[in-house]
Amino acid sequence: MLQVTTLRNERERVLEGLRKRGLDAAADVDRVVELDDRRKELQSRTEDLLAERNSLSREIGDLFKSGRKEEATAKRERVNEIKEATGPLEEQLDATVRELEEALLQLPNVPDHRVPAGATAEDNEVYRPHAGELPKPGAEARPHWELADTYGIFDLELGVRTTGSGFPVFTGQGARLQRALVNFFLDRNTAAGYTEYAPPLLVNEDTARATGQLPDKEGQMYYVQADDLYLIPTAEVPLTNLYRGELLDADALPVKLTGYTPCFRREAGSYGAHVRGLNRVHQFDKVEIVQLARPEESYAKLDEMVDHVAGLLEELGLPYRVLRLCGGDMGFTSAMTYDFEVWSAAQERWLEVSSVSNFETYQSNRLKLRYRTDRGTELLHTLNGSALALPRIIAALLENNQTEDGILLPEKLHGYVGKERLLPVR
RNA sequence: GGAGGAAUGGCAGAGUGGUUGAAUGCACCGGUCUUGAAAACCGACGUACCGCAAGGUACCGGGGGUUCGAAUCCCUCUUCCUCCGCCA
């Protein structure tokens, strides 16, 4: 959620930024400022009345103590009049605050000045192109969903039996590979100073709202009606919310968290050739990294996270590139996002495996996540990134490393998987 | 699932209707003393919002109520603790 002061003081920058998302927000911004003006007016009128009531009450107390009952009763009348006036005023104030908040929640984050304008993925900027040749496993290169059968990696039919489409069941050495990747990523993240957490997979509405999944992604999350809980679409949600409402000392910063969780996404309406195999599923495993940083440091931390994720992909020997997302392709809550894509040799296209973003104060404003400075308290910047999302990593490992002698695993994984290559099971 | 108890500032812990945003101790910060440190002593020490300021308002788990006035009384919800039962 944007801050009203930002909308007031930096109106032009905000409008220009939102234009990069293809949004003309002038009317919305003006409406927020108007509502805030109204809020201030109602608040000060209400508080003036309350101040009078409080001081009269004190006088009444004194009068009673000194036994001057009639005077006390007279003042009590006046207090009752005040109460009649404050009631409706407070209702108006509450309604205005709610309206203000609703209006504010409709506005997405303002893109950083470096974010390119644009409507779709076409307009994303290749920030770090892939260096060197892309692997060519040959004309008979098989896509990962075919390899999965031969090598016994995962089974989509079994998932349909237990649940429905889009819930792959990892089997045998595939399940082992999955566990290996989770451990590898967590080990690398903790070595880089991220503290490991294993958070809940269901969250309440306040939590989903604080990181911005609500109201923006309402229909994308699985919702458990009986208990009013949402299945997390990413570990970002519980991890960032661990610090909701905190007021941190400056020397505690930056806070660095990592966590492995399954992620659940309804992906309503996405079908077709591009969603075959592991390309898009309803449940998948992901290891996430989160940072809470001082505003002046946050973009340096974003770079640090980008380098860290790049390091993971290099250790896995996967060809990748980094994109800087354009305004239209960026998430609702982000101020700047880098996407990592790995090359899928058989599908001959790039697959997104990580998204690393700086939310600036958009989340922390809702989270009420602040830190102490010499000047008082200030909102922190929140950042997060996948390090990494597993399914497409597995797809790329299978497709890129297929040989006549089996699927060769990157050296870093040998110890984790317990072997150097995957062999056919049928 | 049943029975009881509790929720107060960074922590511990007073406070059961009146100027209490809240005693006291610890921690933290500034100072005195000291070659330096410790100890001792002195002082400062919550957050948000409104206001140019003076100042004001709100907050003692959440919500609602009683009252001229609520941390304090009532209702309700949540969480935690103890005991019993059940279960992984």
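The sequence lines fix the lettering, A, B, ..., with proteins before strands; numbering per chain opens at 1.
For the pair A/Arg114 and A/Tyr127, the cation-pi criterion (under 6.0 Å, within 45° of the ring axis) is not fulfilled.
Legend: ring-ring contact (aromatic ring centres under 6.0 Å, His included) pairs involving residues 81-115 of chain A, not counting sequence neighbours: none detected. For residues 201-222 of chain A, no pair satisfies ring-ring contact (aromatic ring centres under 6.0 Å, His included), with sequence neighbours left out. Listed by first then second residue, pairs satisfying salt bridge (charged side-chain N to carboxylate O under 4.0 Å, His left out) with a partner in residues 207-222 of chain A read A/Glu205-A/Arg209, not counting sequence neighbours. Counting only residues at least two apart or on different chains, the salt bridge (charged side-chain N to carboxylate O under 4.0 Å, His left out) pairs with a member in residues 291-303 of chain A are A/Arg294-A/Glu297, A/Lys301-A/Glu304. Pairs engaging residues 227-238 of chain A under the salt bridge (charged side-chain N to carboxylate O under 4.0 Å, His left out) rule: none recorded [sequence neighbours left out].
Residues from residues 84-97 of chain A that place a heavy atom under 4.0 Å from any atom of RNA chain B: there are none. Less than 4.0 Å separates RNA chain B from at least one heavy atom of each of the following residues of residues 35-45 of chain A: A/Arg39, A/Lys40, A/Gln43, A/Ser44.
Counting heavy atoms from C-beta outward, A/Tyr371 and A/Glu378 have side chains that approach closer than 4.5 Å. Contact check for A/Leu292 versus A/Glu246: no side-chain heavy atoms found under the 4.5 Å cut-off.
Remark: A/Tyr230 pairs with A/Tyr223 by the ring-ring contact (aromatic ring centres under 6.0 Å, His included) rule, at least two apart or across chains. In this structure, A/Tyr260 has no ring-ring contact (aromatic ring centres under 6.0 Å, His included) partners at least two apart in sequence or on a different chain.
Looking at A/Glu101 and A/Arg366, a side-chain N of the basic residue comes within less than 4.0 Å of a carboxylate O on the acidic one, giving a salt bridge.
Comparing A/Ala51 and A/Gly61 along RNA chain B, the residue whose closest nucleotide (by nearest heavy atom) sits nearer the 5' end is A/Gly61. Mapping A/Thr377 and A/Val79 onto RNA chain B by nearest heavy atom places A/Thr377 closer to the 5' end of the strand.
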Reading RNA chain B 5' to 3', what string of ( ), [ ], | and . shows its pairs, if Watson-Crick and G-U wobble pairs count only when both distances fall under 3.5 Å? ((((((((.[[[..)..(.....]]]..((((.......))))..(((((....))))).[[[[[..)....]]]]])))))))....

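Between A/Thr46 and B/rU57, a side-chain N or O to OP1/OP2 separation shorter than 4.0 Å is absent. Note on A/Lys83: a side-chain N or O is less than 4.0 Å away from OP1 or OP2 of B/rG69. Listed pair A/Arg58 / B/rU19 fails the phosphate criterion, with no side-chain N or O lying under 4.0 Å from OP1 or OP2. OP1 or OP2 of B/rA48 lies within a sub-4.0 Å distance of a side-chain N or O belonging to A/Arg370.
With rounding to the nearest 0.5 Å, the separation of CZ in A/Phe170 from CD in A/Gln178 is 4.5 Å. Considering CG of A/Asp112 and CE of A/Met336, their distance stands at 4.5 Å, rounded to 0.5 Å.
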So which protein N/O to nucleotides 58-60 of chain B N/O distances come out below 3.5 Å?
unit_1 : atom_1 : unit_2  : atom_2 : d
B/rA58 : OP2    : A/Asn54 : ND2    : 3.4

Could you list the donor-acceptor pairs under 3.5 angstrom formed between side-chain atoms of residues 25-33 of chain A and any protein atom two or more places apart in sequence or on another chain?
unit_1  : atom_1 : unit_2  : atom_2 : d
A/Asp30 : OD1    : A/Arg11 : NE     : 3.0
A/Asp30 : OD1    : A/Arg11 : NH2    : 2.9
A/Asp30 : OD2    : A/Arg11 : NH2    : 3.1

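When the P atom of B/rU19 is taken as reference, atom CG of A/Leu63 falls 15 Å away, rounded to whole Å. Put simply, OH on A/Tyr371 is 15 Å from P on B/rU47, counting in whole angstrom units.
For the C1' atoms, the distance linking B/rU19 with B/rU76 amounts to 32 Å, nearest Å. When the P atom is compared between B/rC87 and B/rU78, the two are found 26 Å apart, to the nearest whole Å. If you take atom P in B/rA22 and the same atom in B/rU47, they sit 14 Å apart, rounded to whole Å. If you take atom P in B/rG21 and the same atom in B/rU16, they sit 16 Å apart, rounded to whole Å.
A/Asp48 comes within 4.0 angstrom of nothing in the nucleic acid, heavy atoms only. Counting non-hydrogen atoms under 4.0 angstrom, A/Arg78 reaches nothing in the nucleic acid. As judged by a 4.0 angstrom heavy-atom cut-off over every strand, A/Ser55 is placed among residues making no nucleic acid contact.
The backbone N or O of A/Ser355 lies less than 3.5 Å from a partner atom in the side chain of A/Ser386, making a donor-acceptor pair.
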